[in-house]
Amino acid sequence: MKATNVNATDRKLAYASPYDVEPAHEVHNPVVRAGMSVVEMVAWLVVMAALSIGMIVLLWSVSR
């Protein structure tokens, strides 16, 4: 049965349709995304690899 003349909360609880569009939130969080892009992740991996190799070379040369 389809309910008529009901508000959004009643419809959400009783007869929610998967195709209903959720209303936009009034308050937006200033932090939109707290992740890294693929390019940033690859750049950090390259930097960390270079530092690791440099440290291995430095320790190798000091230990001789």
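We number each residue from 1, following the sequence as shown. Quantities reported herein were computed from a predicted structural model and do not represent experimental measurements.
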query: Which distance, rounded to the nearest 0.5 Å, do you find between the OG of S52 and the CG of L45?
result: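 Interatomic distance, S52 OG to L45 CG, rounded to 0.5 Å: 10.0 Å.
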
query: Within a radius of less than 6.0 Å around CE of M55, do more than 12 heavy atoms belonging to other residues, nucleotides or ligands occur?
result: no

query: Transitively linked via ILVMFWY side-chain contacts under 4.5 Å: M36 with V46?
result: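 No, M36 does not connect to V46 through the hydrophobic network.
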
